[in-house]
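Here is how names work: the chains are called A, B, and so on, in the same order as the sequence lines, proteins then strands, and each is numbered from 1. Remember, it's a predicted structure, so these values are computed and weren't measured experimentally.
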There are 2 protein chains.
Amino acid sequence: MGEEIRRALTLEDVASAAGVSRATASRALTGSDTTSTPARERVRAVAERMGYTPNTVARALAGGVGARVVVAASGPAPDVLDDPYMWRVLGATAAACDGEGIGVSLQWLPLDAPASLHRLAADRSVRGVVLVNSTERLLAELPDALRGRVASIGIGSADVPSFDVDNRAGAGAVVRHLHATGRRRIAMLAGPQWLPCSWRSAQVYSEVVQAAGLPVRVLPGDFGFENGRSGALEVLRRWPDTDAIFAICDAAALGAMAALRGLGVQVPGDVAVAGFDDLPVAAWSGPALTTATHPVTRIATGAATAVLAGAPAEGTTWYPSELVLRESA
Amino acid sequence: MGEEIRRALTLEDVASAAGVSRATASRALTGSDTTSTPARERVRAVAERMGYTPNTVARALAGGVGARVVVAASGPAPDVLDDPYMWRVLGATAAACDGEGIGVSLQWLPLDAPASLHRLAADRSVRGVVLVNSTERLLAELPDALRGRVASIGIGSADVPSFDVDNRAGAGAVVRHLHATGRRRIAMLAGPQWLPCSWRSAQVYSEVVQAAGLPVRVLPGDFGFENGRSGALEVLRRWPDTDAIFAICDAAALGAMAALRGLGVQVPGDVAVAGFDDLPVAAWSGPALTTATHPVTRIATGAATAVLAGAPAEGTTWYPSELVLRESA
DNA sequence: CTGAAAGCGCTAACAA
DNA sequence: TTGTTAGCGCTTTCAG
């Protein structure tokens, strides 16, 4: 014994080795109930020495809770799951859940089918849900059964704590930087109409630009490279004197840069380009992308932790969005 | 009833509504055992109508299997988990497991601690393991308890089926393309020494280059942008007449391009640059990156499916690596 | 503070 | 083919 772990140990093994009942061993290990100090320490030492790993599955079944956290991303089509951002959120969520022996799943929540949330609520294998890109409609339909074990990355509600980046501040900083460096015809490639937390950036853009007496030039779109490329072309077609483009996502900003390159337009000489999110690739382009950095991992960790804790936080936890100056603007 | 799902249904509810025993309902739903056609269809119809979702947790406990699949990435340090590639594998694995209602976890397997595999083997909440970047040493230490429920993305063994990209073919195609387009001083920024499946590419590079009577110029490193940047500088310092750089990963290739750009070296005019993997960013750079494409999602899906099926495939399933010609080479 | 006993929801023998 | 009976490993009343 010691080195070699043969068949998996059960709590019973630990309990009998420590000379206590299974119930006491359980209490000692979970700390859920009072135990005498000596008993507790003995049980813990024995468990440690034997290399005991609690079976999360049995624990979940007995406790009446699920064994996985679902990252549920809403959007118009299932391909919202096919996205590096989602994978990153999933990775961070997995990291946060791993300590508890809990796995994660990734699912699509159709925008127009709030019932899909009820599926999750009815599934007793689900411990909790991390909502991504949620909408007010979806939040309004939140099943009672989910209350207290759901968190949102993006907008929240009275029942759903939210973990979000302060993109008002971030977008404002970007636009003000463009203005401060002499840009006077600033266009924005904004996000999807259906996504509330992407409106905020566009709104701030409009406010700042109007306050400076500059024209408002917004094009809605999505977060992708292709949208950035076509969006930039459209911007220059509609407003040829544009001297700066602020894209809602770095990928779109890179698309805009590619379009400008194709047109022989110098960045940042002729047109400045700024992104949003600070994806790793933002630092890799030539010229490197000026953007606002978002702590996606920390945000996802916060949301996952809230879900695991079960109905703690209320309201919104804001994470900073900070300007990162590189070469493109 | 119908629309509103109140408290979660159990198999018992379905069984009694269908007028059969719980066992029969179970058999009808899982298809694990023979059931009369009318009974089976009745049970299924009732389950469907009531909106019954089996509790994966209870299922796993009763079946003596786990409820999550662990994506276990080996490497020298825990930061191997902090990698878009791992998140992508995790996402694909999650997608493959979602149908069965099982979650995924992401864990680090220290290179020098094969015992960490025993931890996973001893954890009864683990349904199976997808190994990423595994080494021969790790595979040799495979615990018996894991046999039949593990698959590897990368090298495999007699006990571990492997799902891998045919990077010999892909790397060969890249190098031959460089040669065919007139490059005669081709350097390679290779992968880590400890990672077997990255050796193959370097080996093929050497073979092709030697067969063509060209000099072998290899620098080991890792898959990162920074390594590509410093590697390219080192290449030009040691072999100033280099006219092509083949990097083991697109991120490194972009790093090399950034270094060359800083030096005022034209790509592909002075030096061609080729990557490997075909990450999304490969198409976004200026110039766009010539590389070899790898179906990471399909590979991960294959591995996850094998793990869920439980000990089906043996040997290696190869996935194609195909040359993608863009602008950089 | 601790032990005995009753489940959590499901699958898998074992009978019928 | 079906129902009955035991558990899977754990948490949690409920007594003691």
Report which part of the nucleic acid B/V57 touches: base, sugar-phosphate, or nothing (heavy-atom distance under 4.0 Å, all strands). nothing

The nucleotide from D/dT11, D/dT4, C/dT2 with an atom nearest the side chain of B/A23 is D/dT4

Just how far, in rounded Å, is P of D/dT11 from CZ of A/R127? 12 Å

Quickly work out the A/L61 CG to C/dA6 P distance and round it to whole Å. 18 Å

Side chain of B/R59 only, heavy atoms from C-beta on: which candidate in D/dC8, C/dT11, C/dA12 is closest? C/dT11

Atom CG of A/L11 to atom C1' of D/dT12: distance rounded to whole Å? 13 Å

Carefully, step by step, assess A/N133 and A/V80 under the rule side chain to side chain contact (heavy atoms under 4.5 Å, CB included). CA-CA 10 Å; A/N133 288 352; A/V80 291; over 6 Å; no

OP1 or OP2 of C/dC10 less than 4.0 angstrom from a side-chain nitrogen or oxygen of B/Y52, does that happen here? yes

Please report, rounded to the nearest Å, how far the P atom of C/dG9 is from the CG atom of B/L9. 11 Å

Looking at every heavy atom in both A/A67 and A/I102, which two are closest together, and how far apart are they? O-CG2, 3.4 Å

If only side-chain N and O atoms of B/T35 are considered, is one of them under 4.0 Å from the OP1 or OP2 phosphate oxygen of D/dT1? no

Sidechain N-carboxylate O distance under 4.0 Å for B/D83, A/R88: no

Minimal heavy-atom distance between B/L138 and B/S134, with the atoms involved, is CB-OG, 3.9 Å

Side-chain N,O (A/T10) to OP1/OP2 (D/dG9) below 4.0 Å: no

Kindly say if A/S26 contacts the phosphate of D/dC10, meaning a side-chain N or O under 4.0 Å from OP1 or OP2. no

Using a cut-off of less than 4.0 Å, is there contact between a side-chain N or O of B/S36 and OP1 or OP2 of D/dT1? no

Round to a whole Å and report the spacing from CZ of B/R22 to P of D/dT2. 17 Å

OP1 or OP2 of D/dT1 less than 4.0 angstrom from a side-chain nitrogen or oxygen of B/T24, does that happen here? no

Can you confirm whether the side chains of A/T35 and A/R27 place a donor and an acceptor under 3.5 Å from each other? no

Where B/T53 and A/A122 come nearest, the two heavy atoms and their spacing: CB-O, 4.5 Å

When we call it a touch if two heavy atoms are under 4.0 Å apart, what does A/A60 touch: a base, just sugar-phosphate, or nothing? nothing

When B/P54 and A/S21 are each assigned the nearest nucleotide of DNA chain C, the 5'-most assignment goes to A/S21

With a 3.5 Å cut-off and just heavy-atom distances, do the side chain of B/R27 and the base of D/dT1 make a donor-acceptor pair? no

Of the listed nucleotides (C/dT2, C/dC8, C/dC1), which one gets closest to any side-chain atom of A/A62? C/dC8

Spacing of B/L29 atom CG relative to C/dT11 atom C1', expressed in whole Å: 12 Å

Return the 5'-most residue of the pair B/G64, B/R42 with respect to DNA chain D, ranking by each residue's nearest nucleotide. B/R42

Mind calculating the distance between CG (A/N55) and P (D/dT11) to the nearest angstrom? 10 Å

Can you measure A/D123 atom CG to C/dC10 atom P for me and round it to whole angstrom units? 10 Å

